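One-based numbering, in listed order, for ligands and for the atoms of each. When a residue number appears, it is its place in the shown sequence, counting from 1. Because the structure is a prediction, the values reported are computed rather than measured.
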Amino acid sequence: MRWFGLCLAVLAQGALAFTDAEVHAIASHGPWPPAFKADPSNRVSGNAAAIELGERLFFERRLSVNGEISCSRCHLPERNWTDGEARALGLTRVDRNTPSLNNVRLQRWFGWDGANDSLWAQSIRPILDARELGMSAQQAAKLVRGDADLSCRHKKVFGALPAEDEQLLVDIAKALAAFQETLASARTAFDEFRDALVRKDPAGIEKYPEAAKRGLRIFVGKGSCNVCHVGPAFTNGEFHDTGIAFFIEPGRVDPGRHEGIRKLRASRFNLLGPYSDDPKRATATSTRHVVLEHRNFGEFRTPSLRNLALTAPYMHNGRLATLRDVVHHYTTISPDRLHSDGEAILKALKLPEPEAQDLVAFLESLQDGGGNYRRRPFAMGCG
Ligand code: HEC
Ligand code: HEC
């Protein structure tokens, strides 16, 4: 009976048949898109007026100390919310590569080092960072208080303007978060294939290019890529050392997750602090239990692999220019460059060139035909 089933599977899939274990692994990368779930720590999560206010603030250059830099300076919609730079440039150069904001609501930790535990807390960081928007809470609050449209919109979303500037800064960040939660990538060739495989639809299975199929087999098989790049968003949301050198410049290193945990614990804006709207603090469980270990030094968060075509260069410091370079990195990785106290998942894959190309073809099949975002015209008054 099992043999008969396997035969059917072979017939249905043409030249390249997947085993039950492979089908199971592939199915775990869907379905896509995942359903929306409001963030309990942000009482305006999913609120239409908050999304609109957040969108305005996201493109608002007056949210920077010199009036010239908005969030969209580095997170450009047409570049899948990145900037094409190896390391981002705000008021001055920052240490890391700008990540995409598509599907960002699915993260548990935010930033390459996970220094924040909510999307709204993460949205405060660039406003206050002297290298990015360079504002103080007072300056950000003054912008909203002094602008008729922004303060009208704020009142519509949150009720009265708060007396405390820091509370108003948090409100701004919660509106920004509500907007960013709406950014999602669309279905891809991979998702069509994955669903066809699950419902055993030969025509749907057939459509997916053979090279991508072969690359996918490496991804879930001997490449062990799906040990870390798991689930529908292709990330476990956790932190690893993949052997990317973390020198920012001679004599200065990026400690990654090690510093991220310190910052997270010290932050007044974390989910254990006074600004979370989750009364039971159930969302703070991971934050409460996070432990700092030596191995966290030089670890960075596993990125999603959806929609990579427009987000080059890659890795936390933009060190690798193309997807080909990333695959080359994994095929030649030296165990000496990995932490001795880290996990031993990675080893040089030594893939022959055609297989490396197949892996790239698979990664390219995770690209959608354009995200869901259409910028709304800002002509409408608050009223
Ligand atoms: C100077 C360029 C720059 C500007 C301006 C900027 N960002 Fe970013 N953004 C980055 C970089 C670089 C990171 C990665 C930060 C890190 O890991 O420490 C990042 C990370 C993020 C993340 C985390 C994404 C993730 O996957 O964890 C969010 C959310 C975000 N930014 C939102 C914003 C918002 C909202 C604004 C405006 C208030 C903004 N950014 C302004 C460059 C920028
Ligand atoms: C041990 C966990 C782990 C494994 C296994 C792993 N990755 Fe990664 N991957 C990461 C982490 C962590 C990063 C970010 C590293 C950094 O920036 O320093 C990353 C980055 C990437 C990127 C860059 C994405 C971006 O937006 O910059 C790609 C592409 C990628 N991995 C593909 C793969 C492929 C293909 C495999 C299998 C050959 C693989 N990964 C195996 C953890 C892993």
Engineer: Check each heavy atom of His229 against ligand 2 and say whether those closer than 4.0 Å belong to the side chain, the backbone, both or neither.
Structural biologist: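 Answer for His229: side chain.
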Engineer: Would you please say whether a donor-acceptor pair under 3.5 Å links the side chains of Ser304 and Asn103?
Structural biologist: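 No pair is found: no donor N or O on one side chain lies under 3.5 Å from an acceptor on the other.
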Engineer: With atoms numbered from 1 as shown, which atoms in ligand 2 lie under 4.0 angstrom from a non-hydrogen atom of Cys228?
Structural biologist: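 Heavy-atom distances to Cys228 below 4.0 Å select 1 (C), 2 (C), 3 (C), 4 (C), 5 (C), 42 (C), 43 (C).
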Engineer: Distance to 0.1 Å, residue and atom name: give those for the protein heavy atom nearest to atom 18 (O) of ligand 1.
Structural biologist: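 The answer is Arg96 NH1, 2.8 Å.
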Engineer: Can Trp112 be said to touch ligand 2, with heavy atoms closer than 4.0 Å?
Structural biologist: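 Trp112: in contact with ligand 2 (<4.0 Å).
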Engineer: Heavy atoms only: which of Gly318, Pro303, Pro313 is nearest to atom 24 (C) of ligand 2?
Structural biologist: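 Of the listed residues, Pro303 has the closest heavy atom.
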Engineer: Report, in ascending order of atom number, the atoms of ligand 2 lying under 4.0 Å from any heavy atom of His316.
Structural biologist: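 Result: 16 (C), 17 (O), 18 (O).
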Engineer: Of Leu349, Val227, Thr242, which has the heavy atom at the shortest distance from atom 42 (C) of ligand 2?
Structural biologist: Thr242
Engineer: Can you list the atoms of ligand 2 that are under 4.0 Å from a heavy atom of Ser224?
Structural biologist: 5 (C)
Engineer: Using a 4.0 Å heavy-atom cut-off, say whether Ile218 meets ligand 2 through its side chain, its backbone, both or neither.
Structural biologist: neither
Engineer: Kindly confirm or rule out a cation-pi arrangement of Arg217 over Phe18, judged by NZ or CZ under 6.0 Å from the six-membered ring centre and within 45° of its axis?
Structural biologist: yes
Engineer: Just checking, is any N or O donor in the side chain of Asn236 or Thr302 under 3.5 Å from an acceptor N or O on the other one?
Structural biologist: yes
Engineer: If the cut-off is 4.0 Å to any non-hydrogen atom of Gly111, which atoms of ligand 1 fall inside it?
Structural biologist: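 With Gly111 as reference, the close atoms of ligand 1 come out as 17 (O), 23 (C), 25 (C), 27 (O).
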Engineer: Using distance alone, with no hydrogens and no angle criterion, decide if Thr283 and Asp278 have a side-chain donor and acceptor under 3.5 Å apart.
Structural biologist: yes
Engineer: Between Asp39 and Ser41, does any side-chain donor sit less than 3.5 Å from a side-chain acceptor?
Structural biologist: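 Side chains of Asp39 and Ser41: pair found under 3.5 Å.
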Engineer: When rounded to the nearest 0.5 angstrom, what distance separates CD in Glu192 from NZ in Lys207?
Structural biologist: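 NZ of Lys207 is found 7.5 Å from CD of Glu192.
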Engineer: So, Phe219 versus Phe190, ring centres under 6.0 angstrom or not?
Structural biologist: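 When the ring centroids of Phe219 and Phe190 are compared, they turn out to be at least 6.0 Å apart.
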Engineer: Would you mind running through ligand 1 and noting each atom that sits below 4.0 Å from a heavy atom of Leu133?
Structural biologist: 5 (C), 37 (C), 38 (C)
Engineer: Give the numbers and elements of all ligand 2 atoms closer than 4.0 Å to a heavy atom of Leu346.
Structural biologist: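 Near Leu346, meaning under 4.0 Å from one of its heavy atoms, ligand 2 has 1 (C), 4 (C), 5 (C).
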Engineer: Among side-chain atoms of Asp117 and Thr287, is any donor-acceptor pair under 3.5 angstrom?
Structural biologist: yes
Engineer: Quick check on contacts: which atoms of ligand 2 are under 4.0 angstrom from a heavy atom of Val326?
Structural biologist: 22 (C), 28 (C), 29 (C), 30 (C)
Engineer: Any nitrogen or oxygen of Met315 lying under 3.5 Å from a nitrogen or oxygen in ligand 2? Just yes or no.
Structural biologist: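 Looking only at distances, the answer is yes, because the N/O contact criterion of under 3.5 Å is met.
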Engineer: At a 4.0 Å threshold, what atoms of ligand 2 neighbour a non-hydrogen atom of Leu308?
Structural biologist: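 What qualifies from ligand 2 is 26 (O), 29 (C).
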Engineer: Between atom CG of Leu169 and atom CD of Gln139, what is the distance when rounded to the nearest 0.5 Å?
Structural biologist: 11.0 Å
Engineer: If we set the cut-off at 4.0 Å for heavy atoms, which region of Leu320 has an atom near ligand 2: side chain, backbone, both, or neither?
Structural biologist: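 Under 4.0 Å from ligand 2, Leu320 contributes no heavy atoms.
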Engineer: Applying salt bridge (charged side-chain N to carboxylate O under 4.0 Å, His left out), can you list everything that pairs with Glu353, at least two apart in sequence or on another chain?
Structural biologist: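 For Glu353 the salt bridge (charged side-chain N to carboxylate O under 4.0 Å, His left out) partners, ignoring immediate neighbours, are Arg324.
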Engineer: Rounded to the nearest 0.5 Å, what separates atom CD in Glu60 from atom CG in Asp147?
Structural biologist: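 With rounding to 0.5 Å, CD (Glu60) is 7.0 Å from CG (Asp147).
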Engineer: Under 4.0 Å from ligand 1, counting heavy atoms only, is it the side chain of Ser70, its backbone, both or neither?
Structural biologist: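 Under 4.0 Å from ligand 1, Ser70 contributes backbone atoms alone.
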Engineer: Checking a contact table here: which protein heavy atom is nearest atom 35 (C) of ligand 1, and how many Å away?
Structural biologist: Gln180 NE2, 3.5 Å
Engineer: Between Phe297 and His258, does the ring centroid distance fall short of 6.0 Å?
Structural biologist: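 Here the rings of His258 and Phe297 have centres that are less than 6.0 Å from each other.
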Engineer: Quick one: does ligand 1 sit under 4.0 Å from the side chain of Arg87, the backbone, both or neither, non-hydrogen atoms only?
Structural biologist: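 Arg87 to ligand 1: no contact under 4.0 Å from either part.
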Engineer: Examine the side chains of Asp254 and His316 and answer whether a donor and an acceptor come within less than 3.5 Å of each other.
Structural biologist: no
Engineer: Report the C-alpha distance between Asn66 and Ser64 in whole Å, list the side-chain angles of each, state the deciding distance to 0.1 Å, and finish with yes or no for side-chain hydrogen bond (donor to acceptor under 3.5 Å, both in side chains).
Structural biologist: CA-CA 6 Å; Asn66 67 357; Ser64 62; 3.2 Å; yes
Engineer: Below 6.0 angstrom between ring centroids: does that apply to Tyr373 and Trp81?
Structural biologist: yes
Engineer: Looking only at distances, please establish whether an N/O atom of ligand 2 is found under 3.5 Å from an N/O atom of Tyr330.
Structural biologist: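 Checking ligand 2 against Tyr330, an N or O pair does fall under 3.5 Å apart.
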Engineer: Do Asn102 and Ser185 get their side chains close enough for a donor-acceptor pair, meaning under 3.5 Å?
Structural biologist: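 Side-chain D/A pair, Asn102 to Ser185: absent.
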Engineer: Taking 4.0 Å as the limit for heavy-atom contacts, which would you say applies to Ser100 with ligand 2: side chain only, backbone only, both, or neither?
Structural biologist: neither
Engineer: Sum up the protein N, O or S atoms located under 2.8 Å from atom 8 (Fe) of ligand 1.
Structural biologist: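 Every protein N, O or S atom under 2.8 Å from atom 8 (Fe) of ligand 1 counted, the figure is 1.
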Engineer: Provide, to 0.1 Å, the distance between atom 26 (O) of ligand 1 and the closest protein heavy atom, together with that atom's residue and name.
Structural biologist: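 So the nearest neighbour among protein heavy atoms is Arg301 NH2, 2.7 Å.
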Engineer: Report, in ascending order of atom number, the atoms of ligand 1 lying under 4.0 Å from any heavy atom of Phe110.
Structural biologist: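 Here the atoms of ligand 1 in question are 27 (O).
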Engineer: Give the numbers and elements of all ligand 1 atoms closer than 4.0 Å to a heavy atom of Leu119.
Structural biologist: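 By the 4.0 Å cutoff, the relevant atoms are 29 (C).
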Engineer: Could you establish whether Thr311 and ligand 2 come within less than 4.0 Å of each other, counting only heavy atoms on the residue side?
Structural biologist: no
Engineer: May I have the step-by-step check of side-chain contact (heavy atoms from CB on, under 4.5 Å) for Arg145 and Lys142, ending in yes or no?
Structural biologist: CA-CA 5 Å; Arg145 291 191 208 285; Lys142 200 170 155 206; 5.7 Å; no
